[in-house]
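Quick notes on the structure that follows.
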Amino acid sequence: MELKKRYDAKESEKKWQAYWEKENVYKFDPESHEEVYSIDTPPPTVSGKMHLGHTFSYSQQDFVARFQRMLGKTVFYPFGVDDNGLPTERLIEKMKKVKGHKMPRNEFVKLCYNTVEEIRDDFVQDWKNIGVSADFDVFYSTINKHSQKISQRSFLEIYKEKRIYRKRAPFIWCPDCQTAIAQVEMKDSERDSKLVYMKFDTTLNEQITIATTRPELLPACVAIHIHPDDKRFKKFIGEKAKIPFSERKVKITANKDVDMEFGSGIVYHCTFGDMDDVKWIEKFDIEPIEILNKNGTLNEFAGRFKGLHVKKARPEIIKALEEEGRIEKIEPIKHVVNVHERCDTDIEILTTDQWFIKYLDLKQDFVKYGRKIKWFPVHMRARYENWILGLKWDWNISRQRYFGIPIPIWYCKKCSEIITADEKQLPVDPLVDTPKTKCKCGSKDFIGEKDVMDTWATSSLTPDIAAELFKDKKIYKKLLPMDLRPQAHDIITFWLFNTVVKSYFHHKDIAWKNVMISGWALDPHGKKMSKSKGNVIDPNKMIEKYSADALRFWAAGSRLGDDLPFMEKDLVTAQKFTTKIWNASKFAFMHLQDFKKEKPKKFEIMDAWILIKLNKLIKESTENFMNYEYSHTKLETEKFFWHSFCDNYLEITKDRLYNSDKRGKDPKLSAQYGLYTALLDIIKLMAPITPYITEELYQTYFKKYEKIKSIHISKWPSLDLKENKPAKDAEKIGDFFVYVLQHARRAKSEKNMSLKDPIKNILAKGKIKKTDFENIKEDLLSVTKAEKIVFEALKEDSKIDYEVVVDV
RNA sequence: GGGCCCGUGGUCUAGCCUGGUAUGACACCUCCCUUACACGGAGUAGAUCACCAGUUCAAAUCUGGUCGGGCCCACCA
């Protein structure tokens with residue numbers, strides 16, 4: 001029952017983590033009759049180790065989960081890992097030093113499966129270490145059979161609604177990963193480049209100059225565009241231009257999309273340099289030239305440049321143009337290009353067969369759904385809507401990769417008919433399995449679809465994947481729509497939006513009632529953390545050096561949605577907090593050894609005072625937590641604990657606790673009651689933030705009275721002050737007390753005296769009754785060490801509330 | 001170019017919705033080893049709340065604008 005001199009976080013955190021697991025403290029009970037609070041936990045991408053951004057946002061969501069649990073709700077808090085698709089392939093390739101496309105497909109896929117299994121436990125352990133209170137037995141992986149089945153079923157359902165189509169079309173392509181990617185998977189990257197001014201011959205016997213950053217696409221030039229209002233070049237419209245190094249001539253057309261200010265003011269239209277080129281193909285009904293191979297090399301349309309990678313072809317073509325005297329000038333420029341966010345490779349546009357979900361016509365519905373969800377913080381919804389309104393392409397869900405969930409489709413060898421898998425045979429691998437029926441044409445020969453689905457096509461189903469771990473429909477219904485989707489703001493456009501889309505198709509309902517969006521952990525200068533900048537902080541090292549509680553305490557320091565710079569000194573502050581609460585508890589437990597949780601007949605004023613302040617804190621904290629404002633709870637509880645409770649209240653009660661022979665049993669009991677209640681409630685308020693030390697303190701002393709096996713399933717504090725009957729005006733009287741105490745301390749400090757030194761006299765004036773003063777006089781004398789206190793009551797209409805003169 | 005967020009003592013931050021000159025931490029300075037804690041305590045100093053204008057008796061707080069920083073999206077062929 002006694003606490004050790006110092007708190008040992010390392011030992012304690014290990015101990016309670018094991019205890020929670022053994023005692024099933026966070027186990028989801030599907031049979032419970034309590035209200036359910038279901039959480040759509042983000043499955044972290046399996047990528048080796050947890051990073052500080054994870055620590056930050058998972059801590060924040062865990063605050064909420066723990067709070068809801070303490071409200072008495074049955075919390076559904078599953079845990080999954082996202083180990084599906086391209087990011088996993090990249091990880092395995094790096095770990096095992098292999099290349100997916102250089103191995104037999106099934107061997108690579110097997111290697112991925114095995115490796116993912118192998119590293120999973122270690123990976124998940126990081127989340128356990130920071131105290132995430134998920135039920136780790138309610139577990140899924142986005143590549144396991146369960147997820148495959150649901151993901152393929154989703155594909156088939158949407159296919160049946162005629163919202164999935166296959167089309168050969170120009171689309172965003174990553175030549176390094178050799179797969180199509182989605183609009184959302186691109187990011188910007190600034191590159192040094194050259195703006196090359198090339199001279200073309202025309203049918204007007206006059207040359208025109210075209211500026212481009214992509215001269216290597218010259219052989220795929222299909223038209224020249226000039227703004228119809230451009231006086232300089234208007235005369236060329238309707239004429240033709242000759243493509244250098246070939247006999248081909250292309251039309252010069254009028255196009256209002258042309259920016260007359262840029263470059264030479266004339267655009268050469270290649271297939272395909274960017275998405276405008278795709279648009280113009282349709283607009284002007286032009287036949288494209290597909291010049292690129294899937295690996296980014298030029299094909300036979302490039303003539304003498306055939307076989308060169310675009311990067312190599314660029315200088316070669318410039319050189320050749322120079323030799324023909326066709327270069328007017330070359331300007332070095334910086335410009336922004338789209339790259340694949342997974343590998344930083346410049347994207348290309350290639351014409352390939354792809355599967356799409358048709359949803360552009362549903363934009364308004366998605367906006368509507370977004371408005372049915374409660375957003376915390378509310379401004380994050382604007383990002384969601386902004387993204388939807390900017391969408392230009394249907395959702396490309398096929399990837400030309402290996403380790404992913406197969407598209408459950410076959411093609412008839414004879415008549416090319418598309419055969420879908422039967423729901424009963426899911427999950428299915430069309431490269432191994434065959435359809436259950438024969439084709440309409442009678443053929444039994446099929447070719448399985450090689451493409452796999454985009455990872456987001458599966459991770460957008462996490463509410464279903466998690467809920468369907470329970471086969472019972474009744475339970476399933478209790479869980480959906482979920483109460484909460486917690487996540488960081490960077491994937492609003494990916495994961496959040498895609499989940500809304502899937503929920504729209506499958507449930508015609510929102511996926512969750514609330515979303516909470518976390519910010520990012522930044523470096524001390526407010527910059528993003530990234531490996532290339534070398535400013536990455538390893539959370540495990542910080543846990544080792546401080547504690548998981550300290551990291552969580554830090555994570556509770558920013559408002560939901562705000563980014564937070566990481567400064568190690570904040571962990572020092574956090575550690576100070578744990579030390580302080582440890583020491584305060586040491587004091588409290590010492591004086592509570594003979595306490596029987598009895599209420600005193602009458603509360604001393606200062607005990608009533610702390611309870612009233614505590615009650616205000618609890619009310620405020622509960623309200624804030626309801627609105628996901630955990631940072632307020634943390635801030636206010638910390639202040640209350642440190643200043644009201646430790647600096648003042650503990651000092652004030654000492655005389656009654658230590659000297660009960662002199663002061664009497666009841667005044668001591670009153671102090672004990674205040675001490676017990678305030679400390680227990682403080683650790684309960686902090687339990688969601690710092691689960692380990694609060695559990696240690698609870699288990700050491702409070703458990704034997706409270707009878708609940710863990711603080712984390714104990715009831716969130718609520719104080720009934722009426723029942724406790726504090727004296728009228730106790731708050732006002734107590735505030736006066738503290739004011740006098742402050743003055744006494746100040747006077748001593750100014751005279752360089754020790755706080756234990758006695759002082760001669762205090763003259764205290766205040767707007768309280770003489771009889772009330774008599775009730776606090778003894779406490780006040782003992783805590784100030786004053787020999788005498790003279791009190792004068794101030795009139796109610798007096799301009800000042802208090803006045804104190806200290807005579808040392 | 002479009003959308004959103006932010007701008008408070010040296011640093012980080014509370015307060016802003018629901019107007020009455022400001023919270024706490026770190027750092028600094030002075031003092032105090034007092035029976036929970038020196039991994040502590042007491043105290044001093046330090047902010048015209050980015051700028052301008054408006055509303056108001058009164059603005060960090062509301063309205064409009066300016067400047068600066070950040071994020072997301074679009075985009076230069």
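Below, chains carry the letters A, B, ... as their sequence lines are ordered, and counting in each starts from 1. Not measured: the values here are computed from a predicted model.
An OP1 or OP2 oxygen of U44(B) is reached within less than 4.0 angstrom by a side-chain nitrogen or oxygen of R746(A). Side-chain N/O atoms of K4(A) include none lying less than 4.0 angstrom from OP1 or OP2 on C37(B). Between K576(A) and C26(B) there is a side-chain N or O to OP1 or OP2 distance below 4.0 Å. Considering only side-chain N and O atoms, H643(A) lies under 4.0 angstrom from the phosphate OP1 or OP2 of A25(B). An OP1 or OP2 oxygen of G15(B) is reached within less than 4.0 angstrom by no side-chain nitrogen or oxygen of K639(A). Residue H632(A) places at least one side-chain N or O closer than 4.0 Å to OP1 or OP2 of G15(B). Within the 4.0 Å cut-off from OP1 or OP2 of C4(B), not a single side-chain nitrogen or oxygen of W387(A) is found.
Going from atom CH2 of W582(A) over to atom P of G40(B) covers 17 Å, rounded to whole Å. Across the protein-nucleic acid pair, I388(A) atom CD1 and G2(B) atom C1' stand 16 Å apart, rounded to whole Å. For the pair L755(A) CG and G40(B) P, the interatomic distance rounds to 16 Å; values are reported in whole Å. For the pair Q575(A) CD and C26(B) P, the interatomic distance rounds to 14 Å; values are reported in whole Å. At whole-Å resolution of the value, CG in L389(A) and P in C73(B) are 15 Å apart. Atom-to-atom, CZ of F497(A) to P of G3(B) comes out at 20 Å; the value is rounded to the nearest Å. To the nearest angstrom, P of C39(B) lies 18 Å from CD of E568(A). Taking atom CE of residue M380(A) and atom P of nucleotide C5(B), one finds them 10 Å apart after rounding to whole Å.
Taking the side chain of N338(A) as heavy atoms from C-beta on, and the options C75(B), C39(B), C4(B), the nearest nucleotide is C75(B). Comparing C76(B), C32(B), A77(B) by their closest approach to the side chain of V267(A) singles out A77(B). Checking G41(B), A74(B), C37(B) against the side-chain heavy atoms of W642(A) singles out G41(B) as nearest. Of the candidates C37(B), C75(B), C4(B), the closest approach to any side-chain atom of N583(A) belongs to C37(B). The listed nucleotides are C76(B), U34(B), C71(B); the one nearest the side chain of F262(A) is C76(B). Which of C5(B), A25(B), U34(B) sits closest to the side chain of K756(A) comes down to U34(B). Closest to the side chain of L635(A), out of U30(B), A14(B), A77(B), is A14(B). In this structure, the nucleotide among A77(B), G41(B), C71(B) sitting nearest to the side chain of H489(A) is C71(B). With C75(B), A77(B), G2(B) as the candidates, the nucleotide lying closest to the side chain of N386(A) is G2(B).
Look at the P atom in both A14(B) and C73(B): the space between them is 26 Å, to the nearest Å. Comparing G69(B) with U56(B), their C1' atoms are spaced 32 Å from each other, to the whole Å. The gap from the P atom of U55(B) to that of A77(B) amounts to 50 Å, rounded to the nearest Å. If you take atom P in G65(B) and the same atom in G2(B), they sit 13 Å apart, rounded to whole Å. Taking atom C1' on both nucleotides, G70(B) is separated from G10(B) by 22 Å, rounded to a whole Å. For A45(B) and G9(B), the C1' atoms lie 11 Å apart once the distance is rounded to whole Å. Nucleotides A27(B) and C39(B) are separated by 13 Å at their P atoms, to the nearest Å.
One finds no salt bridge joining D655(A) and K785(A) here, because no Lys/Arg side-chain nitrogen approaches an Asp/Glu carboxylate oxygen to under 4.0 Å. Under a 4.0 Å N-O distance rule, the pair R383(A)/E385(A) does not qualify as a salt bridge.
Residue contacts shown for D274(A) are limited to sugar-phosphate atoms, with no base heavy atom under 4.0 Å away. Using a 4.0 Å heavy-atom distance criterion, A588(A) is classed as making no nucleic acid contact. Residue-level contact check: L195(A) touches neither bases nor backbone, having no heavy atom under 4.0 Å from any strand. At a threshold of 4.0 angstrom between heavy atoms, the contacts of H269(A) with the nucleic acid are absent.
A donor-acceptor pair under 3.5 Å is absent between the side-chain atoms of K634(A) and the main chain of W554(A), judged by distance alone. The main-chain N or O of F494(A) is found under 3.5 Å from a side-chain atom of N498(A) such that the two form a donor-acceptor pair. The main-chain N or O of A382(A) is never found under 3.5 Å from a side-chain atom of N386(A) such that the two would form a donor-acceptor pair.
A donor-acceptor contact under 3.5 Å is formed by the side chain of K580(A) with the base of C37(B).
As the counterpart of C4(B), G70(B) is assigned, both hydrogen-bonding distances of the Watson-Crick or G-U wobble pattern falling under 3.5 Å. G64(B) is paired with C52(B) under the criterion used here, namely a Watson-Crick or G-U wobble arrangement in which both key atom distances are under 3.5 Å. Both distances falling under 3.5 Å, in either a Watson-Crick or a G-U wobble arrangement, occur for no nucleotide opposite U18(B). Across all strands shown, the partner of A42(B) is U30(B), judged by Watson-Crick or G-U wobble contacts whose two distances both fall under 3.5 Å.
For the pair E750(A) and W520(A), both in contact range of RNA chain B, the more 5′-proximal nearest nucleotide belongs to E750(A). Toward the 5′ end of RNA chain B lies the nearest nucleotide of E638(A), the other residue of the pair K751(A) and E638(A) mapping further downstream.
Dense packing is recorded around NZ of K199(A), with more than 12 heavy atoms of other residues, nucleotides or ligands lying under 6.0 Å away.
Listed by residue number, R559(A), M567(A) are the residues of residues 548-567 of chain A with a heavy-atom contact under 4.0 Å to RNA chain B.
Less than 6.0 angstrom separates the ring centroid of Y359(A) from the ring centroid of F497(A). Between F641(A) and F577(A), the gap from one ring centroid to the other is short of 6.0 Å.
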Would H269(A) and F284(A) count as a ring pair (Phe, Tyr, Trp, His ring centres under 6.0 Å) if you check the C-alpha gap in whole Å, the side-chain angles of each, and the deciding distance to 0.1 Å?
CA-CA 11 Å; H269(A) 180 190; F284(A) 298 101; 7.4 Å; no
Walk me through whether F63(A) and F625(A) qualify under ring pair (Phe, Tyr, Trp, His ring centres under 6.0 Å).
CA-CA 9 Å; F63(A) 302 154; F625(A) 236 127; 7.4 Å; no
One pair to check against ring pair (Phe, Tyr, Trp, His ring centres under 6.0 Å): F589(A) and F702(A). What are the steps and the verdict?
CA-CA 9 Å; F589(A) 296 170; F702(A) 294 104; 5.7 Å; yes
